[in-house]
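Atoms within each ligand, like the ligands themselves, are counted from 1 in listed order. The residues of the chain are indexed from 1 along the displayed sequence.
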Amino acid sequence: MGRGVERLRDMVANLGPALVTAVPGPASRALIDDLARYECPAITARRARRAEETGIDQDPIVWDRAEGACVWDVDGNRYVDLSGAFAVAGVGHCNPRVVEAARRQSGKLIHAMGDVFPSREKIALCQKLAEITPGDLQHVILAQSGAGAVEAALKTAVMATGRPGVIAFQGSYHGLSYGALSVTAYRRSFREPFQAQLNPHVIHAPYPGEDGPLGGGAAGAEASLRWIRHLLEDPASGAAGIGALIVEPIQGRGGEVTPPQGWLREVRGLCDAFGVVMIVDEIYTGFGRTGRWFACEHEGVVPDVMCVGKGMGGGFPISAAIGRPSIMAGWGESRGEAIHTSTFLGNPLGCAMAMAAIEAIEADGLVERCARLGEHLEAGLGALARRWPARIGAPRGRGLMLGLPILSEAGGADGGSAMAAVSQMLQRGYLLLPSGVHGHVLGLAPPFVIGVDQIDAALAALDEVLAGILGA
Ligand SMILES: Cc1ncc(COP(=O)(O)O)c(C=O)c1O
């Protein structure tokens with residue numbers, strides 16, 4: 001691509017919001033009406049359902065196209081994406097390298113035969129994943145969703161230890177398919193209807209942090225470690241046969257809950273001491289999101305199995321569980337028919353796009369950029385928190401994975417005000433989502449290619465919106 005075209009792309013990707021209709025506009029509303037007729041009603045984010053839950057009468061917008069940090073809806077409105085579309089668009093929407101790789105690959109080979117007849121692209125990606133992940137993480141199981149990677153990791157732990165028990169954490173989100181849902185403890189409503197079919201060998205320990213029962217800081221970390229040790233060493237804890245511990249280095253959907261420095265390293269030590277497979281779920285935090293390639297690197301921790309997904313494919317649904325050879329050896333040698341595989345495992349189009357996304361991160365210095373912009377955004381959020389010290393908690397998270405907790409006058413979680421802020425930001429052309437088990441955290445996970453001007457304009461808009469909600 002010529003330099004002129006590249007500059008033009010950068011300019012487009014760095015534009016601010018431009019709204020030409022009410023939000024949502026007529027085209028979005030009509031399409032959502034159609035969708036509501038044909039999609040399972042529990043899934044469509046309809047106006048009526050949102051109104052019931054949040055008091056805010058607002059249909060979703062329908063996306064048409066996206067580039068860099070900008071998204072256009074079907075009415076022609078342009079938004080700045082502060083959500084990274086569930087923290088997926090780290091390299092930016094329709095990153096030119098990823099688009100080019102998809103074009104090239106789709107004219108050549110879209111589908112191969114996973115574990116039976118793999119493609120060159122699958123092999124290259126496995127090698128690259130081994131290169132960029134820390135320590136001796138080397139053996140890869142590819143999957144198509146975060147949940148799929150989590151389930152591959154949980155199976156790995158059983159194969160390696162023969163023990164069915166798992167320690168997971170309260171507030172965690174690891175996906176919603178049955179295996180992943182049994183370790184997820186984000187909202188009770190997600191689990192309740194399926195409780196009878198969930199793995200009964202999972203125990204959820206409290207996660208250290210402001211929102212949980214243990215609190216944050218050194219005391220929270222210490223209390224959490226006592227809990228984990230107790231579960232592991234006391235047969236009366238009800239947790240006999242623990243073979244795995246699964247943890248997010250920062251809880252993403254749980255509200256950007258960031259454990260105290262040193263905690264993850266101590267957890268690593270406990271896993272070593274008790275022969276437990278440590279699974280670190282980097283599906284949200286991985287591929288540069290926290291200002292390092294992987295969040296566990298902030299702590300110098302090498303997991304036994306790391307799960308990645310989201311930003312990995314530059315927008316293509318692809319994920320992986322990557323393990324140490326000593327742990328993956330638990331699977332044994334293949335006897336001709338893989339006991340863990342799927343039709344689309346190692347899909348060449350996805351592998352080519354993932355490789356291009358990794359190359360974009362490397363070539364454009366996006367990990368460093370994410371760290372730098374993260375500091376800038378965090379400083380801006382900190383200024384907002386100081387403006388309303390009683391109603392806004394300190395910003396949390398790392399890199400461009402940040403959360404701003406909104407509190408009630410009594411100091412509790414204020415999900416209503418957070419949802420109102422999200423909704424009013426949408427009306428101003430900014431996309432973001434609430435996070436946290438109480439929905440009270442404004443979650444920010446923009447593409448790493450977002451511009452400083454876009455961040456500053458978003459902070460100014462948020463300042464005005466919060467003034468309207470919390471009082472000037
Ligand atoms: C940390 C983490 N793990 C797993 C998942 C599940 O990923 P998916 O929705 O692709 O199954 C998510 C999704 O938000 C996540 O944040």
[X] heavy atoms, cut-off 4.0 Å: which ligand 1 atoms fall inside?
X: D281; answer: 1 (C), 2 (C), 3 (N), 4 (C)
X: G175; answer: 4 (C), 5 (C), 6 (C)
X: K310; answer: 12 (C), 13 (C), 14 (O), 15 (C), 16 (O)
X: A147; answer: 6 (C), 7 (O), 8 (P), 11 (O)
X: E248; answer: 1 (C)

Scan the protein's non-hydrogen atoms and note whether one is under 4.0 Å from atom 9 (O) of ligand 1.
-> no
Go through the steps for K128 and E131 under the test salt bridge (Lys or Arg N to Asp or Glu O under 4.0 Å), then give the verdict.
-> CA-CA 5 Å; K128 189 72 182 173; E131 267 168 41; 3.7 Å; yes
State, with a plain yes or no, whether a side-chain heavy atom of V267 is found less than 4.5 Å away from one of L225.
-> yes
Is there side-chain contact between I250 and Y284, with at least one heavy-atom pair below 4.5 Å?
-> no
Counting heavy atoms not belonging to F274, are there more than 12 under 6.0 Å from its CZ?
-> yes
for atom 7 (O) of ligand 1, nearest protein heavy atom and its distance come out as G146 CA, 3.3 Å
Considering only heavy atoms, which of Y284, Y186, Y173, F86 lies nearest to atom 2 (C) of ligand 1?
-> Y173
Does the E299 side chain pair with the main chain of G262, one donor and one acceptor, at a distance under 3.5 Å?
-> yes
Would T285 and E282 count as having a side-chain donor-acceptor pair, cut-off 3.5 Å?
-> yes
